Amino acid sequence: MTIPAQLTEKLHVALKKVGLEVSDSKRIQIKPADDLRFGDYQSTVAMMMAKPAGRNPRELAAEIMEAIEIGDLAEISIAGPGFLNFTLTPKTWSAQARTQLSDPKLGVPTVEDPETIVIDFSAPNVAKPMHIGHIRSTIIGECLGRITSRLGHKVIKDNHIGDWGTQFGMVTWAWKQGVDEAALDEAPLQELLRLYRHASEASKKDEAIKDLCRHELVKLQQGDAENTEIWNRCLALSKKGLNEIYDRLDVSFDHWLGESAYNDVLGPLVERLEKENLARQSDGALCIFSDEKVKPKADPFKINRDGEWQDFPMIIRKKDGGFNYATTDIATFEHRANEFHADKVWIIVDIRQSGHFNQLFEVANRLGYDRLEMTHIAFGTILGKDGKPLKTRAGDLPQLADVLDDAVKAARAVVGAKSHLDTEEEKDELAELIGVNSVKFTELSHHRLSDYTFDLEKMVALEGDTAPYLFYSYVRARSIFRKLEEGASEQLQIENLNVTEPAEIHLVRMLTRYGDNVRTVLDDFRPNLLATYLLELARSFHSYFEACPVLKSEGQTRESRLLLCDLTSRVIKDGLGLLGIDVPERM
RNA sequence: GCACCCAUAGCUCAACUGGAUAGAGCAACGCACUUCUAAUGCGUAGGUUGCAGGUUCGAGUCCUGCUGGGUGUGCCA
């Protein structure tokens with residue numbers, strides 16, 4: 001039983017003794033104290049019960065304290081307006097640490113009812129190389145996938161690539177204007193980007209060219225041989241480029257079911273919707289309208305213009321006959337429900353698309369998929385130095401590969417100056433690890449909804465709350481074991497783990513919070529909570545490491561401290577692994 | 001206009017979902033290295049949590065109204 005559960009139970013019994021019946025044990029509210037001066041856990045039950053019982057909260061707290069049979073689990077004190085503070089004894093902490101050390105899962109809980117969860121993330125447009133804006137979905141998605149899977153769920157990671165949309169019409173048009181085969185051989189992604197930019201600029205200037213691009217897409221969607229051939233070549237080249245980045249980021253997928261994967265079902269799908277009166281013609285397009293069941297304000301199919309509520313339909317077939325992302329998105333969730341048997345679908349996409357998802361989820365309900373729980377996990381915008389969003393269409397975004405290269409270069413300079421590694425090859429490898437993971441960690445340590453300014457210098461800063469800080473704590477802990485005589489680490493006895501010093505106790509306190517922190521990430525899809533926790537853990541380890549000599553101590557103390565180093569290094573490695581970050585053994 | 005999101009130290013972010021004197025890092029200043037790897041630790045300084053009300057024993061957190069910023073708003077995704 002966990003410590004909070006034990007304390008809750010003991011409090012429950014004590015409350016009965018004092019003559020106060022608590023119907024809901026949640027009201028007892030044992031919480032970790034947010035300030036260590038107040039102990040490890042606190043209960044506000046005396047304050048909450050006092051008023052209805054017509055009692056003084058402090059007196060009530062004193063009675064409860066008298067009645068509770070705490071044994072040597074914790075020390076109790078009363079403070080402030082009536083807080084009951086529990087300070088766990090060193091004996092309790094030692095036992096907690098031993099339990100965690102002998103648990104292969106390090107205290108991370110497993111869910112009782114595993115679910116099948118589809119995570120839809122990254123989803124780049126394949127005609128263009130990934131730019132910095134793609135980092136958020138990619139990194140958050142991989143992290144959520146790892147955590148969800150660790151908690152015992154079945155996770156299906158799906159890269160819903162944009163391989164069928166308007167941008168393909170543009171690339172195809174430009175391709176036919178003149179593709180540079182030599183460049184395509186040399187640097188395929190750059191050549192595709194050139195084609196896209198060419199078409200983008202041309203169609204901005206000339207409405208007729210825009211129409212030609214649209215037409216190329218319609219031809220592709222209708223199976224035109226030449227366009228299909230071009231499409232196949234683009235797709236192969238793009239995927240190769242994307243995979244290089246994913247390998248570098250240590251991101252992987254179970255499926256790459258992009259928009260094109262659903263092409264064959266779009267026609268029948270749209271016919272079905274029209275036949276069942278879920279969609280109707282409007283201005284030449286086929287649209288899904290409001291069902292008028294909720295107030296306009298809460299209706300995703302309504303919009304207010306000049307004080308008047310008007311229809312705001314979801315277009316599922318354009319007047320040129322082409323399908324758009326709304327159509328493929330409907331086909332996609334049907335596939336996920338029917339073929340993947342998903343209980344939940346998490347879609348990790350920019351918050352700017354939230355309106356679209358409100359409509360999409362409503363469509364799912366109307367189609368009878370109300371048991372499929374779909375969530376749009378939104379994130380904020382990456383801003384330029386001017387405080388304005390980096391423009392997606394302008395084509396002047398830093399490419400992700402370049403950002404990673406720059407980060408590695410910056411890391412290489414620091415590694416060159418500070419590393420204890422022997423060879424240049426090892427240093428290059430370490431710089432790659434630090435550079436790439438600094439970019440990832442920067443992303444994961446921000447709240448997902450906050451906009452943040454893209455600042456390469458800050459991103460690769462290697463001091464303070466960064467990936468290298470965490471790496472360093474891990475490396476310090478592991479280096480101890482390299483100094484040990486052969487086989488000594490195997491002989492460590494878990495029973496000998498026993499903490500007494502404040503720095504040791506604080507370290508254990510942080511360590512035992514690991515499982516809870518992992519779990520809470522999924523409450524609101526917040527990897528930054530785990531990132532913050534790991535930084536705090538590392539901080540308490542560095543403090544401990546400075547305050548408590550390990551190898552210079554003797555006997556049981558030495559063994560106990562070695563075990564603490566072992567446990568800490570395991571938690572840090574495991575925690576970073578859940579964030580999608582690999583650790584170096586030396587640096 | 002309307003809808004949604006955001007506002008916490010100079011900067012970047014926390015605050016365990018309503019608890020005590022709002023915490024970290026960066027930047028600034030001071031102290032500690034022939035080291036268990038100083039990519040560190042210890043300390044100083046930095047706040048009317050955008051403003052005004054309300055609910056509550058108790059509000060950064062919930063409610064209302066403002067202010068400021070961002071995003072979206074029919075055939076892009």
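All of these numbers come straight from a predicted model, not from anything done at the bench. Proteins come first, then strands; the chains are lettered A, B, ... in the order of their sequence lines, and each starts at number 1. Just so it is clear, the values below take in all heavy atoms, side chains as well, and ignore hydrogens, waters and symmetry mates.
Salt-bridge check for A:D516 with A:R519: passed, with a basic side-chain N closer than 4.0 Å to an acidic carboxylate O. Electrostatic pairing of A:R509 and A:D40 counts as a salt bridge here, judged by a charged N lying under 4.0 Å from a carboxylate O. Of the charged side-chain nitrogens involved, none lies within less than 4.0 Å of a carboxylate oxygen, so that A:D582 and A:K573 do not count as a salt-bridged pair. Electrostatic pairing of A:R539 and A:D465 counts as a salt bridge here, judged by a charged N lying under 4.0 Å from a carboxylate O. Using a 4.0 Å cut-off between charged side-chain N and carboxylate O, A:D350 and A:R136 make no salt bridge. A salt bridge links A:R476 with A:E546: at least one charged nitrogen is closer than 4.0 Å to a carboxylate oxygen.
Here the side chain of A:R586 is nearest to one of B:U37, B:A15, B:A77, namely B:U37. Picking from B:A77, B:G74, B:C13 the nucleotide with the shortest atom distance to the side chain of A:H447 gives B:C13. Comparing B:C57, B:A77, B:U40 by their closest approach to the side chain of A:N125 singles out B:A77. Distance from the side chain of A:K297 is smallest for B:C4 among the nucleotides B:A14, B:U71, B:C4. With B:A20, B:C36, B:A39 as the choices, the nucleotide that has an atom nearest any side-chain atom of A:L430 turns out to be B:A39. Minimum atom distance to the side chain of A:L551 is reached by B:C36, of the listed B:G19, B:C36, B:A20.
One finds a side-chain N or O of A:H446 lying less than 4.0 angstrom from the OP1 or OP2 phosphate oxygen of B:C13. Here A:R214 reaches the OP1 or OP2 of B:C76: one of its side-chain N or O atoms lies under 4.0 Å away. The phosphate of B:A39 (OP1 or OP2) has no side-chain N or O of A:T466 nearer than 4.0 angstrom. In this model, the phosphate group of B:A15 is approached by a side-chain N or O of A:R526 to a distance below 4.0 Å at OP1 or OP2. In this model, the phosphate group of B:U40 is not approached by any side-chain N or O of A:K418 to a distance below 4.0 Å at OP1 or OP2. Note on A:Y469: a side-chain N or O is less than 4.0 Å away from OP1 or OP2 of B:G41. A sub-4.0 Å separation between OP1 or OP2 of B:C36 and a side-chain N or O of A:K552 is present. For B:G74, neither phosphate oxygen OP1 nor OP2 lies less than 4.0 angstrom from any side-chain nitrogen or oxygen of A:K319. Proximity of A:K318 to the phosphate of B:C76: a side-chain N or O atom is located under 4.0 Å from OP1 or OP2. Dashed line: the shortest gap from a side-chain N or O of A:R305 to OP1 or OP2 of B:G74 is under 4.0 Å.
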Please walk me through it: do A:F361 and A:H376 pass ring-ring contact (aromatic ring centres under 6.0 Å, His included)?
CA-CA 9 Å; A:F361 298 164; A:H376 172 207; 7.3 Å; no
Is there a salt bridge (Lys or Arg N to Asp or Glu O under 4.0 Å) between A:R412 and A:D428 once you walk through the steps?
CA-CA 7 Å; A:R412 187 62 180 83; A:D428 288 342; 2.6 Å; yes
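Looking at A:H420, its side chain comes within 3.5 Å of the base of B:U37 through a donor and an acceptor atom. Remark: the A:S282 side chain and the B:G74 base include a donor-acceptor N/O pair separated by less than 3.5 Å.
Residue contacts shown for A:S354 are absent, as no nucleic acid heavy atom lies under 4.0 Å away. As judged by a 4.0 angstrom heavy-atom cut-off over every strand, A:D523 is placed among the base-contacting residues. In this structure, A:E536 reaches neither bases nor backbone, as no heavy-atom distance under 4.0 Å exists between it and the strands shown. Nucleic acid contact class of A:D524 (heavy atoms, under 4.0 Å, all strands): base. A:N358 comes within 4.0 angstrom of nothing in the nucleic acid, heavy atoms only. In this structure, A:T166 reaches the sugar-phosphate backbone alone: every heavy-atom distance under 4.0 Å involves primed, P, OP1 or OP2 atoms, never a base. In this structure, A:M314 reaches neither bases nor backbone, as no heavy-atom distance under 4.0 Å exists between it and the strands shown. Base contact: A:N85 has a heavy atom under 4.0 Å from a base atom.
For the pair A:R280 and A:F289, the cation-pi criterion (under 6.0 Å, within 45° of the ring axis) is fulfilled.
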Check nucleotides 26-29 of chain B against the protein and report each pair of N or O atoms closer than 3.5 Å, with its distance, or say if there are none.
none

Under 3.5 Å between N/O atoms: give me all the protein pairs with nucleotides 42-47 of chain B, atom names plus distance.
{"residue": "B:C42", "atom": "OP1", "partner": "A:S543", "partner atom": "OG", "Å": "2.7"}

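Base orientation of B:U61: anti (glycosidic angle beyond 90° from 0).
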